There are 2 protein chains.
Amino acid sequence: MLIKIDFSSDEAIYQQLCNQIILGIATATLEEGDPLPSVRQMADEIGINMHTVNKAYTILKQEGFVKVDRRRGAIVSVDVDTLRARAQLEKDLRKLLAQARCRNMSRQDLHRMVDDIYDDYELVCGTGHEV
Amino acid sequence: MLIKIDFSSDEAIYQQLCNQIILGIATATLEEGDPLPSVRQMADEIGINMHTVNKAYTILKQEGFVKVDRRRGAIVSVDVDTLRARAQLEKDLRKLLAQARCRNMSRQDLHRMVDDIYDDYELVCGTGHEV
DNA sequence: CATCTGTTATATCATTCATATAACAGCACC
DNA sequence: GGTGCTGTTATATGAATGATATAACAGATG
């Protein structure tokens, strides 16, 4: 898994890290049961502090994307049926759609955008589980 | 326009203010040409500092939701064809859809969610410009 | 001239982000 | 049993951000 951090971004490093791991899971680059590099190893690889990685892992754990085994480290384990996640997702989508409506984007525009991005993600997957 | 700030939220006050004004425009509670309260008046109304309101207005101006007239204050004026806005919107949607895919949500699930929220926004509008 | 507007300049305080050093407990391997 | 790897916790520091406060300025309105 290749991680790329933009240090000049206004987005926090731990947040970028979370997003890229979630993206990895979404595109099946990371699959159920796959181990993540240890906090120290990941920190070395991308040149950041151990605690920043640890913060990202802790959040991923809380949000149900990984489980942490004390001896083996962080392992991809997605909690699919988390209601909190879906509720938060809808809240975020509401903010996004408010902006979209201000820009005169129609439902169809949004549907198309969703499809395009899903196509994109499934392309990376190579095979399987198109929905 | 009724503004409600959650002071215990982790979301910044100026950010909440921006979001609610954008939501107001999306639901036609605020329409093209409508004036926003002056920075001092708005600050008094919701019990926050003038500079926090000013920060929100400045961002709304930069992102093309209002224009600021020195003598009349901030006025709703939406820049519909801003490419930057659409690009940023797609970036945000990508992050959101990555999470959605991890939760096993299908394209149809997302389409339905978009439609529901749009229904909701158009309900508030009362009439006109359904898309 | 008084009063409203946005805007700018400082300053202060709390919180967050990222860093650093250090230590601890659990497990695996030799 | 010691070495080396995990995550985890504690504490500290420096930079940046968020929100506040006081103050002033330029432009427009009455």
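A note on names: the letters A, B, ... follow the listed sequences, proteins ahead of strands, and every chain is numbered from 1. Just so it is clear, the model here is predicted, and its values are computed rather than measured.
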Next item on the list: Would you mind checking if Asp115(B) and Arg112(B) are paired as a salt bridge, meaning a charged N to carboxylate O distance below 4.0 Å?
Entry: no
Item checked: Salt-bridge criterion met for Glu90(A) and Arg94(A) (N-O under 4.0 Å) -> yes
Checklist line | Interatomic distance, Ile75(B) CD1 vs dG6(C) P [rounded to whole Å] | finding: 10 Å
Next item on the list: Would you kindly give the CZ-to-C1' distance between Phe7(B) and dA14(C), to the nearest whole Å?
Entry: 16 Å
Check: Ile46(A) CD1 to dT19(C) C1': how many Å, rounded?
Finding: 14 Å
Notebook entry, point to check: Does the side chain of Lys67(B) get closer than 4.0 angstrom to OP1 or OP2 of dG6(C) through an N or O atom?
Noted result: no
Notebook entry, point to check: Do the side chain of Thr58(B) and the main chain of Asn54(B) share a donor and acceptor less than 3.5 angstrom apart?
Noted result: yes
Note to self: Would you say Lys55(B) places a side-chain N or O within less than 4.0 Å of OP1 or OP2 belonging to dA19(D)?
What the structure shows: no
Notebook entry, point to check: Should Lys95(A) and Glu11(B) count as an ion pair when the cut-off is N to O under 4.0 Å?
Noted result: yes
Check: Is Arg107(A) salt-bridged to Glu122(B), going by a charged N under 4.0 Å from an acidic O?
Finding: yes
Notebook entry, point to check: Quick one: is Thr52(B) getting a side-chain N or O under 4.0 Å of the dG18(D) phosphate, OP1 or OP2?
Noted result: no
Check: With distance as the sole test, does Glu63(A) use its side chain to make a donor-acceptor pair with the main-chain N or O of Ala85(A) at under 3.5 Å?
Finding: no
Item checked: Residue Ser38(B), side-chain atoms from C-beta onward, closest of dT7(C), dT5(C), dT8(D) -> dT5(C)
Check: Starting at CZ of Arg72(B) and ending at P of dT7(C), how long is that distance when rounded to a whole Å?
Finding: 14 Å
Which atoms of nucleotides 9-15 of chain D (N or O only) lie under 3.5 Å from a protein N or O atom, and what are those distances?
from    : atom 1 : to       : atom 2 : distance (Å)
dT9(D)  : O4     : His51(A) : NE2    : 3.2
dA10(D) : N6     : His51(A) : NE2    : 2.8

Next item on the list: Look only at the side chain of Asp109(B) and the backbone of Ser106(B), and say whether a donor-acceptor pair between them is shorter than 3.5 Å.
Entry: yes
Notebook entry, point to check: Linking I/L/V/M/F/W/Y whenever any side-chain heavy atoms sit under 4.5 Å apart, do Leu2(B) and Ile22(B) land together?
Noted result: no
Margin query: Please report the distance, rounded to the nearest Å, between CE in Met42(A) and P in dC5(D).
Written below: 18 Å
Next item on the list: Please report, rounded to the nearest Å, how far the C1' atom of dG26(C) is from the CG atom of Asp69(A).
Entry: 10 Å
Checklist line | Side-chain donor/acceptor of Gln99(B) to backbone N/O of Leu89(A), under 3.5 Å | finding: no
Next item on the list: Can you check whether any acceptor in the base of dT8(D) is under 3.5 Å from a donor in the side chain of Arg40(A), or vice versa?
Entry: yes
Next item on the list: By nearest nucleotide on DNA chain D, pick out whichever of Gln41(A) and Asn49(B) is the more 5' one.
Entry: Gln41(A)
Next item on the list: Figure out the CG/P separation between Asp44(A) and dA18(C), and round it to whole Å.
Entry: 17 Å
Note to self: Contact list please: residues 8-24 of chain B against DNA chain C, heavy atoms, distance less than 4.0 Å, in numerical order.
What the structure shows: none
Check: Can you check the Ile59(A) CD1 to dC17(C) C1' distance for me, whole Å?
Finding: 11 Å
